[in-house]
Amino acid sequence: MEILAQATGWLRAHPGIFLEAVGDHLLLSLVGLAIGVAVALPAGIAVAHRPRAAEAATALAGALRTIPSLAVLAALLPLLGVGFTPSVLALALLALPPVLVNTVVGIQGADPAALDAARGLGMTGWQRAVRVELPLAAPLIFAGLRVAAVQVVSAAALATFIGGGGLGDLVTQGLALLDTGRMLVGAIAIALLALGTEAGLGMLERHLAQRVRGT
Amino acid sequence: MIELRGLSKRWPGADRDSVAELTLEVPEGTSCALIGPSGSGKTTTLRMVNRLIEPSGGSIRIGGKDALRMDAVTLRRRIGYVIQDVGLFPHWSVAANVATVPRLLGWDTARIDRRVTEVLALVGLDPARFATRRPHQLSGGERQRVGVARALAGDPPVLLMDEPFGAVDPVVRGRLQEEVLRLLKQLRKTVLIVTHDVAEAVRLGDAVALMRDGRLVQHAPAAAMLARPADAFAAEFLGADRLLLRLSLFPVTALPTRDAPADGAPLPADATLRDALAALLAAGATALPLVGGGSVALADILAFAGKA
């Protein structure tokens with residue numbers, strides 16, 4: 001209880017620092033996620049119909065996924081230095097695997113009868129992809145996006161180690177200054193942000209699945 | 001009119017043709033059922049007509065035009081296509097599904113709406129009730145109807161059907177077959193239909209084309225094929241009950257009318273010879289009365305079957 005009081009005390013004393021950290025954290029996460037999706041989605045679409053390429057991409061994504069987030073950040077440090085840019089790129093790398101894999105699986109799993117009908121009724125390849133294939137794959141792609149978003153929001157807490165800012169700063173500073181309140185506010189905010197992302201996107205995902213599959 | 005001349009398909013790396021030198025004509029406004037065991041090339045043949053599979057050789061003419069010289073996408077929009085798994089688009093309403101080809105053809109909204117209402121009614125679905133529904137809210141039979149409506153929406157002169165009623169239960173299938181048959185006759189479509197079910201083939205096809213190993217074994221009007229299979233394979237494929245099946249193609253009115261009265265429950269005028277035979281067997285009688293007067297005699301049915 002006393003610890004919680006310290007946290008609320010710190011928060012009341014430093015609302016500006018807190019809000020700035022939250023803002024930085026969200027910016028890091030959103031930009032990282034956006035870059036990751038912007039790469040993974042087209043890549044997934046491009047390889048989904050080429051079995052060999054799809055297998056290679058999936059294997060690569062699997063390997064990327066096993067590397068710990070901190071290791072990715074550390075590995076980028078000598079290449080890109082410190083600050084916002086390397087942090088965002090590291091987060092983008094983390095967002096890549098779930099979106100890529102789910103895009104491939106979603107497209108490959110689209111109802112073959114619907115695709116055959118689309119072609120047989122005279123849709124061009126482009127029309128079939130945009131009107132039928134991607135909408136059918138959308139729930140799975142969105143699930144990949146949700147997983148990526150939660151990972152990125154959590155991992156953004158580590159950006160502090162390479163000077164990327166965000167809520168991780170509150171934790172490291174709190175640890176260094178033995179300021180338990182500051183540290184706790186950072187930790188709780190990170191956890192709540194991750195949980196909120198999961199819950200919010202999860203709800204959207206169910207809504208989307210219902211629209212597409214009707215179940 | 002669909003004309004296939006010397007149509008062949010050999011897949012890369014295969015040591016024989018999946019379809020070999022197939023020549024087949026489906027006259028305007030008639031239907032032809034392609035039958036044969038699995039791997040006989042019937043579906044490959046069907047899918048070559050709308051160029052979902054590109055032929056290795058031969059020619060295809062549809063309504064006199066060389067289908068292989070046309071743009072494949074343009075060609076497909078002029079050919080109705082119905083498949084066993086229907087393949088409705090689950091994220092679209094029934095109306096949007098039916099509107100697929102009209103939209104691809106760039107019709108205006110008012111014309112599309114009118115057409116959707118029209119074809120839904122044609123296939124026996126009340127537009128007011130079904131237009132806004134989604135595919136998952138339909139029964140298997142209703143889904144098949146929507147599939148047929150979608151194929152008819154662009155008013156194509158030619159229709160391709162691949163096992164169109166394979167996924168529904170026998171009771172629904174029988175009713176669907178009957179309604180679709182009536183519809184196709186009424187609309188005078190030229191239809192190529194693939195099925196492995198002999199009864200369905202002779203019911204829906206004016207003519208039947210029997211295939212084996214990519215080759216045409218026999219092509220004849222349904223009743224003629226049942227009466228005179230070309231060879232032992234054809235006889236075996238059509239089944240031991242083929243003459244019974246043949247009787248189901250003719251109404252009792254095909255027999256000479258007999259004025260002599262008979263006892264028993266009268267047969268409806270639209271009964272087939274097979275229905276009549278079944279009723280005679282069930283009653284243990286040699287003759288039964290007809291609803292409109294007169295009677296049907298067992299001897300006449302036997303003579304009719306024997307004449308084949």
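This is a predicted model, so every value here is computed, not measured. Every chain is numbered from 1 and lettered A, B, ... according to where its sequence line falls, protein lines coming before strand lines.
The two residues B:Val73 and A:Met123 come nearest to each other via the heavy atoms CG2-O, 4.3 Å. Listed here is the closest heavy atom pair of A:Ala117 and B:Arg150: CB-NH2, 3.3 Å. Summarising the geometry of B:Tyr81 relative to A:Leu121, their closest heavy-atom pair is O-CD2, 4.2 Å, with the distance given to 0.1 Å.
B:Arg77 places a side-chain N or O within 3.5 Å of a backbone atom of A:Gly122 that can act as its donor or acceptor partner. Looking at A:Arg119, its side chain does come within 3.5 Å of a backbone N or O of B:Leu52 through a donor-acceptor pair.
When the candidates A:Ala118, A:Pro135, A:Ala113 are compared by the number of heavy-atom contacts under 4.5 Å with chain B, A:Ala113 comes out ahead. The candidate with the highest count of non-hydrogen atom pairs below 4.5 Å against chain A, out of B:Ile83, B:Leu105, B:Asp85, is B:Ile83.
More than 12 heavy atoms of other residues, nucleotides or ligands shown are found within 6.0 angstrom of CD on B:Gln137. More than 12 heavy atoms of other residues, nucleotides or ligands lie within 6.0 Å of NZ in B:Lys185, so this atom counts as buried by the packing criterion. No more than 12 heavy atoms of other residues, nucleotides or ligands sit less than 6.0 Å from atom CZ of A:Arg50.
In this structure, chain B has no heavy atom under 4.5 Å from any part of A:Ala138. With a threshold of 4.5 angstrom between heavy atoms, B:Val86 approaches chain A through N, CA, C or O but not through any side-chain atom. Proximity to chain A (any heavy atom under 4.5 Å) is shown, for B:Arg133, by neither the backbone nor the side chain. Of the atoms belonging to A:Leu136, it is side-chain heavy atoms, and not backbone ones, that fall under 4.5 Å from chain B. At a 4.5 Å heavy-atom cutoff, the contact between B:Arg47 and chain A is made by side-chain atoms alone.
Atom CD of residue A:Gln210 and atom NE2 of residue B:His136 lie 8.0 Å apart, to the nearest 0.5 angstrom. Note that CG of A:Leu208 and NE2 of B:His91 are 11.0 Å apart. Values are rounded to the nearest 0.5 Å.
Using a 4.5 Å heavy-atom threshold, the side chains of B:Leu104 and A:Arg131 count as touching.
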